[in-house]
Amino acid sequence: MAEVLRISREGEVTILEIDNPPVNATSQAVRRALIDAVQRAQSEIETKAIVICGAGRTFTAGGDITEFGKPPREPHLPDVINRIEESAKPVVVAWHGTALGGGCEIGLGAHKRIIAKEGLVGLPEVKLGLLPGAGGTQRLPRLIGPVAALDLIASGRMVSAPEALRLGLVDAVAEKDLRREAIALARGLIGQMQPRLSLRATPAAEPEAWQAMVEKVNREARGRIAPQRAIELVSQSLTLPFATGQANERRAFFELMNSEQSRGLRHLFLAEREAGKRPELAGITPREVKQVGIIGAGTMGSGIAVAFLDAGYKVMLLEADDVALQAGLDRVNGLYLRSIRSGRIDENTRLERLSNLAPTTEMGRLAACDLVIEAVFEDMGVKLELMKKLAGLLPSSTLVATNTSYLDLEPMADALPAPERFLGLHFFSPAHVMKLLEIVRARRTSPEALATALAIGRKLKKIAVISGVCEGFIGNRILAKFRAQCEFMLEEGALPREIDAAMEAFGLAMGPFAVQDLAGLDIAWARRKRLAGTRDPAERDVPLVDRLCEEGRFGQKAGKGWYVYDQGRRLADPHVEALVRAHAASTGRPQRAFSAQEIQNRVVTAMVNEGAKILAEGIAARPADIDLVLVNGYGFPNWRGGPMHYADGLGLAQILAMAKSAEARDGRGFEVAGLLAELVAGQRNFAALNGG
Ligand code: 3H9
């Protein structure tokens, strides 16, 4: 077995360096080596102090996620950390890279902490549906106070070195050489009594500040249990002895580990890391991309420009004329000013990023770009015209991408001399904020172009998922089925506000009708008109959006849509409800009341059934990719793991039964996916298709 802890000595200081690539997780071998080394150091006369540090790019990412869900093996991390704290010889922890979860907790057990200038520290367990399980909920409040501790534990956010110093989470920030300075710090402690956090009382909190933090955590939890358990455990640090608090923390950790929520979040963590690993792309080197051209500086184009500028690319932004270009530049600048106001960047950063932006109205200049993305009006005619112009202009080495969210890529590829260099890069609005990027693979897209797009996705810090070509790709295709099902329910007795309330209770930030109002109903209307000629007349279709748009009810921007808006407040509108009821009656379908559960089941069944078709057609490679798309682009609650993971938990036999009744009810509006029936017959589930 590889050595996971390197032990060396500098004079009287023994250095324990965790070396467990890729991220120095505190796996069983690391825990064993660490406790043995600390134990041994107690009796070594030469050792007067100990420094614990990490090799490679990071101190440690914490508990080993691959061990989660399996029976825990000794020594347990809380015992290792208690042993570190009890050491008669001073222990200093040197954090670099990221000191997360158990890595942060090792530091809390030590007698002093020093962090590298660029280092980050945090307790992100909540993002995996967990809580710190090695003393973090009890030691951190004793060190930095309960309010700041609850903030860090319940949000899972990482803090920078200066903030860690301000909070009192570290004793020092290394000026130059972390290791040297950690050794010096350890030397300075030799011969002194070592402070133990577990013996310290948690400082009392200002009642108002504590209450405000508790309210914030509850507000932001939106159905997640771990942040709420954090409130309970951090408050116990104020009243209970350390050992009792730690035992309660350990119990909570394992309860959460076995929860559906943690399973869902862990599934997504692994899915994110798997999404970019495509066997067919193994060994393919991505092309280097430095200069990116963006055509169209509307909402999407300007957001995409900011996303690339933020990632350090040079960006050329093209518009048809000076007026449109200026409006686009104003939009880009507006996005940066907003980031300054929210404290995310400072003025220097804004200027630095804008210095990489070259605005232009001369299409010929795009010839200098490695990648050109079109973000023009969503109309095939307009896009084809543009592709023809690009064909005569760009060297055949340039990668060309469309940001279309629905249109077929093949006619666009046909217009280009090198269709193997053409693909879709479907960003979600606002493009500089939303994590999801659908990379759309057209029939002739080359593996090199795909590998390049994945590398770009990583550099943009996006969650990039490869999709094949179909109407709406992975996300919008499933969304269309989800929306259709909601509209079908309107014909059977449900009201928009009931459906929205049920889906918000399920965990969506906003119900589907409220979202349509926010985005503008005219978008759906335009699409309906575009598809009207090809729609199968036998297909179940609900024309209510047309009625609303004909009345000028385009959503929030018009002050009315599915709801009315009074000073930003969303209110149910009796006029719309009467319209819905009248339309429902006109269909002759039986009318009845819907429970929230039934609404949720119908929506999920529609999504999963379409997801299964998408898999069978090879549009998505893995069910987990579909989960990533729905969670990161469409607000599906992450703690449910995405629709496909959620369906496995519910049982595919139940989903299939619901899909069969939908088929009987909706006729041509719903067809059961063959793959779903196959999986149930073979007693398999989607996880099996993920390779899990
Ligand atoms: C915890 O600590 C519990 C304790 O309180 C109590 C215990 C009793 N374990 O993300 P990357 C793998 S809970 C195992 O692509 P980056 C990852 O799967 C833990 N493996 O790199 C990937 O593998 P592969 C709390 C891990 O530079 C590779 O490392 N900690 C772990 O973009 C590279 O990862 C967290 O929640 C792990 N803990 O980001 C931190 N972490 O190459 C979770 C990563 O085969 N980790 N791997 O695909 C992260 O946030 C990021 O990975 C990190 C690096 C920021 C560290």
Side-chain angles (χ1 to χ4, degrees), residues 4 18 20-31 34-35 54 56-82 95-109 118-140 149 152-153 155-160 226 229-230 233 246-247 249-258 262 265-278 282 311 435 454-455 457-464 624 628 638 691-692:
V4 292
I18 304 171
N20 185 26
V23 289
N24 292 339
T26 56
S27 320
Q28 195 258 349
V30 171
R31 300 194 299 272
L34 208 48
I35 200 166
R57 63 191 169 117
T58 202
F59 175 72
T60 139
D64 186 342
I65 292 173
T66 60
E67 289 180 356
F68 288 2
K70 300 176 186 158
R73 288 190 300 154
E74 288 187 331
H76 306 303
L77 193 59
D79 300 331
V80 177
I81 294 173
N82 288 346
W95 283 332
H96 81 289
T98 44
L100 301 178
C104 173
E105 290 172 298
I106 292 176
L108 295 174
E118 309 298 329
L120 294 167
V121 56
L123 291 166
E125 287 88 342
V126 75
K127 295 185 179 169
L128 297 172
L130 299 169
L131 282 178
T137 65
Q138 302 304 301
R139 283 195 181 92
L140 189 63
L152 293 198
I153 294 169
S155 69
R157 74 185 175 89
M158 294 195 256
V159 299
S160 63
R229 298 297 300 270
L233 283 158
Q246 192 176 31
E249 174 196 82
R250 190 87 180 135
R251 205 167 322 114
F253 181 76
F254 285 111
E255 274 168 30
L256 290 169
M257 178 74 79
N258 291 321
S262 178
L265 289 162
R266 273 147 47 205
H267 159 73
L268 290 173
F269 179 86
L270 297 174
E272 270 180 39
R273 277 141 194 91
E274 278 306 306
K277 294 181 195 155
R278 300 289 287 247
K435 292 292 275 179
L454 282 171
R458 266 192 297 278
K459 197 162 166 201
L460 295 178
K461 297 203 172 75
K462 301 276 180 205
I463 294 169
L628 288 177
N638 58 2

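Atoms within each ligand, like the ligands themselves, are counted from 1 in listed order. Only this structure's heavy atoms are used, side chains among them; waters, hydrogens and symmetry mates stay out.
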**Message:** Please check: side-chain N/O of Gln28 versus main-chain N/O of Arg73, any donor-acceptor pairing under 3.5 Å?
**Reply:**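 No, Gln28 side chain to Arg73 backbone: no donor-acceptor pair under 3.5 Å.
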**Request:** Indicate yes or no for a side-chain donor-acceptor contact from Ser155 to the backbone of Arg157 under 3.5 Å, with no hydrogens or angles considered.
**Result:**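 Judged by distance alone, yes, a pair lies under 3.5 Å.
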**Asked** With respect to Leu34, which candidate in Ile81, Ile106, Leu77 satisfies the side-chain contact (heavy atoms from CB on, under 4.5 Å) definition?
**Response**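 When Ile81, Ile106, Leu77 are each tested with Leu34, the side-chain contact (heavy atoms from CB on, under 4.5 Å) holds only for Ile106.
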Please tabulate, one line per pair, the protein nitrogen or oxygen atoms found under 3.5 angstrom from a nitrogen or oxygen of ligand 1, with distances to 0.1 Å, or say none if there are no such pairs.
residue  : atom   : partner : partner atom : Å
ligand 1 : 2 (O)  : Gly63   : N            : 2.7
ligand 1 : 2 (O)  : Gly102  : N            : 2.9
ligand 1 : 5 (O)  : Glu105  : OE1          : 2.7
ligand 1 : 5 (O)  : Glu125  : OE2          : 2.5
ligand 1 : 5 (O)  : Gly133  : N            : 3.0
ligand 1 : 9 (N)  : Gly63   : O            : 3.4
ligand 1 : 9 (N)  : Ile65   : N            : 2.9
ligand 1 : 10 (O) : Arg273  : NE           : 2.6
ligand 1 : 10 (O) : Arg273  : NH2          : 3.0
ligand 1 : 27 (O) : Arg57   : NH1          : 2.5
ligand 1 : 30 (N) : Ala61   : O            : 2.7
ligand 1 : 38 (N) : Gly63   : O            : 2.8
ligand 1 : 45 (O) : Lys277  : NZ           : 3.4
ligand 1 : 48 (O) : Lys277  : NZ           : 2.7

**Prompt:** Are there more than 12 heavy atoms of other residues, nucleotides or ligands under 6.0 Å from atom NZ of Lys461?
**Reply:**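 Incorrect, the count does not exceed 12.
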**Request:** Indicate the atoms forming the closest heavy-atom contact of Leu628 with Ala271, along with that distance.
**Result:**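 Of all heavy-atom pairs spanning Leu628 and Ala271, the closest is CD1-O, 3.5 Å.
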**Request:** Of all the heavy-atom pairs spanning Leu131 and Arg229, show the shortest one and how long it is.
**Result:**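 In this case the closest contact between Leu131 and Arg229 is CD1-CB, 3.6 Å.
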